[in-house]
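As structure tokens, the structure follows; a few thoughts come after it.
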Amino acid sequence: MAAFTANSSDKRLNATLSLEAPVTSVRLISAERARMLSSMGIHSVRDLLSHYPRRYIDLSSVQSTQSAMHGQMCSVEGIIKDIKLKRPKPNLPIVEITLTDEFGFMMITAFRQPWLAKQLSAGMRVVVAGLVRFEYGAKRMANPYIEVLSESSSDSKSVGSIIPVHPATEKLSAANMRRIISNALEMTEGIYDPFPMEFRAKYGYMSRGRAIKNIHFPNTMSDMKAARARLTYDELLLLELYLMSNASMRAVGKKPFAHVYPPDTLDEQPVGECVLKLKENLPFALTQDQKQALHEIAKVMAAPKCANHMVLGDVGTGKTVLCAFAFASAKDNGCQSMFMVPTEVLCEQHAKTFASLFEGTGFKFEVLSGSTPDDKRKQIIQGFASGQIDGLIGTHALLEDDVVPHKLSLAVIDEQQRFGVEQRAKLLSKTSLCDEDLICDALYLTATPIPRSLALAIYGNLSLSYLHQKPHDSIKRTTQVFSKGERLSAYEAAGEQLEAGRQVYVVCPLIGKSTKERDALSKETRNAEGQDDEENQGLIISIEDEGDFKDDDVAAAESLCDMLSKTTFSGYEVALLHGRMRPSDKHDIMEKFRKGKIDVLVSTTVIEVGVDVPNASVMIIEDADRFGLSQLHQLRGRVGRGEHEGFVYLISASASDKAIERLSAMEKTDDGFELAEFDLSLRREGDILGNRQSGMSALKLVNIIRDKDLIEAARSDAASILDKDPFLKSEEYRLLGYEMHTVYKDELSVMGG
Ligand code: ADP
Ligand code: MG
């Protein structure tokens, strides 16, 4: 019996360890296949097993050619009666398939996928999924997803009733993927579950082994969903554990500051003189958001714990004044603060703001940047080391080794994402130069619109404050969405503004017609639209569906400019601007537009960057559904900033409800954060940040918006685990520690952990 137990636990241990084995250890994976997998980022068995299906075909909900309805997304099963490759234009291969079943037939058209003619042949049993249309006397599907069920119509069905469809390539088909993943599953049969029973029970999750099996080969869609929920939670818990243990690393064995600065004193009686004087100096009343943020900052600074707090707010929401209060509080506690900003220009801007805010308060600060003269620099460094200077504002020049504080209790980092991990760490470690046991509070500022749930996922270790309101609500702007059929109204409205002496932007997705450009764009668009919606379970939707490629459909700046100058706006000066023009020409055109010599500027998105023409009041964006919401928001920021009311017209090329709904979010809100949140809700995490943010590459299933609650839950679970066992060394959490170190080993080695 004892021998049996040892044996079986050996087996389980080996199965668990084999997750880290190279894919070549899996049956049917040759060196050649391993290379293909590697190009998809799949190197280990673990990678392979987390190569999850992007959709499932539920054969129990398949339609016949008769029951499939016009205008609906359907899966239809049938037999290929006939298949032809046609080339109506040299670069437009079309594969035409006649699909039959006992009730009738359906025509399938696949554009620009000539290889299908080789992969498919008459007699095969297939399932196709896509939008059904009744046109030219027959039911049709354009660019559907196609899955071969059996090579000949007489084969009995070899698959279960739910077919997983894994992301595949031309050379490594979905069917191949299914086979090798099934082999990998065999190899890891019996793997340990690193998650303590306590959590599995709390959420009613299945074991890890079962979850991995069920996400790849579920018997029912509800098994698949349960598996997915469990594995999504795994991803989040590991991420939060990783982020939090990193953060606590900074504080291990150190003594934090507790700034005497209780939250409620701000409106009543501030404890410190400097805070009090600063408050008197304020040339404006704080917005509600600023007050709230100030209380939150005060609270974390007052706590006898090392603060890691982030303030998130669009440009102009007034983050700087909050820092001034934090600085003042540090001074009232007999300590110093540092403020690191990414550029010298920002340095000067902040210095100017601080100069007026701190006038007469007794707060002494200096600016240190790369261009500070040597003797001045020496003086500043001395003053900071002796404690005569209360605060330093500077660029990364602050990080120089000879910049040593007297007693530093607060470090602020503006636009923190513009600094590297090491740079941020170096600033925070300045405190220990004066006293090894001490650790300062950290405050981060960012104007990047990161919704709360995403921020929690990326910065699990931070507390957060949001500023949504802008003190000067100067923007007078309306946004309207039009379908392509209604676009004339937009041009008429623009015409009225031109008559009133205003200027107009027309933005197009393309410069001119080039297939390459169009293809590149449609790829981007697919990402932006996030059509790969995991909620559409049961019914499969092909994300490759790009409509039927009518070449003239996408607005191109060149031809539109030509057309507008000859017809619609023939009485006005119309000019073209795009990224392929020579820089001097671009500059010329912009100058003329700025001076009002050009009335209508037809351009691509090049105008996004740094254009400010107050007289321009209208922006028409063609094929707006091809852009991300954040990008549209940036674009429309060009109008409605001056004295004139701005009008934004978004023309949607797509009539789909989803595209219109997405765009109409632009009508409803002017808040970049809300838009970012809405945009994110349509995508999966990997698509959003890629590998840019550490940790995020390990998130495959999480959708930041949809999984909001799960993120909060994982965060609090991680916190309670680390409270009990900070190094994950106990019997109970050892496996979890192993799992976290394995998944995040690259990130941990970067941090020197
Ligand atoms: P951010 O750093 O968030 O982009 P700033 O802190 O630079 O914004 O503030 C933008 C401008 O708004 C500054 O000129 C600042 O003085 C001003 N400001 C900040 N808060 C208020 C307020 N409550 N009322 C009026 N003006 C404000
Ligand atoms: Mg700022």
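When a ligand or atom number is given, it counts from 1 through the structure's own listing order.
- Checked by atom type and distance alone, the side chain of Asn281 never pairs as donor or acceptor with a backbone atom of Thr361 at under 3.5 Å.
- Those atoms of ligand 1 with a heavy atom of Thr287 less than 4.0 angstrom away are 23 (N).
- Under 3.5 Å, the side chains of Thr604 and His578 contain no donor-acceptor pair of N or O atoms.
- Remark: the backbone N or O of Val403 is paired with a side-chain donor or acceptor of Lys430 at under 3.5 angstrom.
- Close approach to Thr320 involves these atoms of ligand 1, each under 4.0 Å from a residue heavy atom: 2 (O), 5 (P), 6 (O), 7 (O).
- The N/O atoms of Gly318, backbone and side chain alike, include one that comes under 3.5 Å of an N/O atom in ligand 1.
- In terms of the ring pair (Phe, Tyr, Trp, His ring centres under 6.0 Å) criterion, residue partners of Tyr649 (sequence neighbours excluded) are, by chain and number, Phe482.
- Relative ring orientation between His350 and Phe339 is described as parallel, the plane-to-plane angle staying below 30° on a 0-90° scale split at 30° and 60°.
- Not one N or O of His350 is nearer than 3.5 Å to an N or O of ligand 1, by distance alone.
- Residue Leu286 approaches ligand 1 through these ligand atoms, each under 4.0 Å from one of its heavy atoms: 23 (N).
- For ligand 1, the atoms sitting less than 4.0 Å from at least one non-hydrogen atom of Thr317 are 3 (O), 8 (O), numbered in the order shown with element in parentheses.
- With sequence neighbours left out, Ala397 forms a side-chain contact (heavy atoms from CB on, under 4.5 Å) with Thr395.
- Not one N or O of Thr353 is nearer than 3.5 Å to an N or O of ligand 1, by distance alone.
- The shortest N/O to N/O separation between Ala285 and ligand 1 falls below 3.5 Å.
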